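One structure below.
Residue numbers run from 1 in the order of the sequence given. Keep in mind that what you see is a predicted model, and the values were worked out from it rather than measured. Each ligand, and each atom within it, is numbered from 1 in the order the structure gives.
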Amino acid sequence: MAQPGPTSLALPGQQICLRRPDDWHVHLRDGALMQAVVAATARQFARAIVMPNLTPPITTAAAAAAYRQRILAALGPKLAAGFQPLMTAYLSDSLQPQELIKGQAEAIFYAAKLYPAGATTNSAAGVRDLATIAPLLETMERIGLPLLVHGEVTDPAVDIFDREAVFIERQLLPLLARHPGLKVVLEHITTAEAAACVAEAGPQLAATITPHHLHINRNALFAGGLRPDFYCLPVAKRERHRLALRAAATSGDPSFFLGTDSAPHGRQAKEAACGCAGIYNAPYAIESYAAVFDQEGALDKLEGFASEHGPRFYGLPLNRGVLTLERQDPQSEQAVTVPLRLELGQAGDESLALVPFHAGEALPWRLR
Ligand code: DOR
Ligand code: ZN
């Protein structure tokens, strides 16, 4: 299903070592689903910015600290020792600036997430009007707490494929002008317009790019039938946008960094009459990015994107460990192949199965 770029001619067995990467945007969920998915992220990444769109959303430092504890407990001592969940606050019309100040001072909140109300999964409690949260944004600008943005307008009159570009014009650019000192990450960008906006803006504006938006365009959603496993928000766009994202990710520009937006939903929730948005890419995330950088002839830019640009933007130290990737021949019988589905036990009354991104594919790089 992946739309490959140019291929490289290097040989199987070749290795690359990367400074241990971080995931600057992930959904770890809660309860049984969290128990099932959290290890996949902790195995690859040293830190992760954990999204707060639970039900109810994470709107207090105490709730975030308790959630962090549940994540670490689910990992068990060995994986927990090598993984730091970086918690985020869910911005709502009723959140008070004091809560953000407290959460940051206690090293619980590393950022706050703006969900325009109604834009995506569990965003009903999000922000209706940016003017309402001006005091929160002023506080964040003053204390240096980054604003993470789901950048889509919710106006039903705007075509779903245009919602990101319209958000940039109507909401993001005026917001950046009102808060010139605010650090902003435009999350999971999907358009050439977003990539250009971030490349042209100053160092206060950055963007995360997911593996799936680098691999698929909107045709994937309809290839041979309706394909719920490729449905996420913002929805994948035309091929020219995918190519612009590939160029941005592999450019070496420090404004672009890794954020998987891994967003697991059980099989039943994806294959429903009204299926949930989200692609579960955590188990093979770094392999997925490595395939893209390889196809673009830019493996030398992978470490910056995966392991350096994010910490520099957030003002955090670089990780010390390393991760090794080995080239494999995807045609060979020994090649590691992404499972068609992951059976993850019971969640209440339902059996929990997830379909990972790249299901059934052998990728050109595998984790050692
Ligand atoms: O595809 C998505 N899934 N996009 C989002 O913005 C939210 C996420 C989720 O939480 O499922
Ligand atoms: Zn997300």
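Using a 3.5 Å distance cut-off with no hydrogens or angles, the side chains of Thr191 and Lys237 do not pair a donor with an acceptor.
A distance below 6.0 Å separates the ring centres of His150 and His188. Aromatic ring centres of His25 and His27 lie closer together than 6.0 Å. Aromatic ring centroids of Tyr314 and Tyr110 lie 6.0 Å or more apart.
Residue-ligand proximity, His150 to ligand 1, at heavy-atom distances under 4.0 Å covers atoms 6 (O). With ligand atoms numbered from 1 in the order given, ligand 1 contributes 3 (N), 8 (C), 9 (C), 11 (O) to contacts under 4.0 Å with heavy atoms of Ala263. The atoms of ligand 1 that sit less than 4.0 Å from any heavy atom of Cys232 are 1 (O). Per-residue contacts place Thr120 under 4.0 angstrom from the following atoms of ligand 1 (heavy atoms of the residue considered): 4 (N), 5 (C), 6 (O), 7 (C).
Residue contact check for ligand 1: His265 places a non-hydrogen atom closer than 4.0 Å to it. For Arg29, the closest heavy-atom approach to ligand 1 falls below 4.0 Å.
Criterion: ILVMFWY side-chain heavy atoms under 4.5 Å apart, direct or through other members. Under it, Phe45 and Leu318 are not part of a common hydrophobic cluster.
The one candidate from Leu148, Leu176, Leu114, Val198 that meets the side chain to side chain contact (heavy atoms under 4.5 Å, CB included) condition with Val184 is Leu176.
At a heavy-atom distance under 4.0 Å, atoms from both the backbone and the side chain of Ala277 approach ligand 1.
For Gly278, a nitrogen or oxygen atom sits less than 3.5 Å from a nitrogen or oxygen atom of ligand 1, counting backbone and side chain alike. The N/O atoms of Ile279, backbone and side chain alike, include none that comes under 3.5 Å of an N/O atom in ligand 1.
Pairs engaging residues 17-34 under the salt bridge (Lys or Arg N to Asp or Glu O under 4.0 Å) rule: Asp22-Arg47, Asp30-Arg70 [sequence neighbours left out]. For the salt bridge (Lys or Arg N to Asp or Glu O under 4.0 Å) condition, the pairs that include at least one residue of residues 155-164, sequence neighbours left out, are Asp155-Arg170. Listed by first and then second residue, the ring-ring contact (aromatic ring centres under 6.0 Å, His included) pairs that reach into residues 46-101 are Tyr90-Tyr115, sequence neighbours excluded.
Nearest to atom 1 (O) of ligand 1 among the protein's heavy atoms is Leu233 N, 2.8 Å.
Protein N/O/S atoms closer than 2.8 Å to the Zn ion (ligand 2): His25 NE2, His27 NE2, Asp261 OD1.
Panel note: side chain Gln204, backbone Gly181; a donor-acceptor pair is recorded below 3.5 Å.
Cation-pi check for Lys183 over Phe313 is met; the charged atom lies under 6.0 angstrom from the ring centroid and within 45 degrees of its normal.
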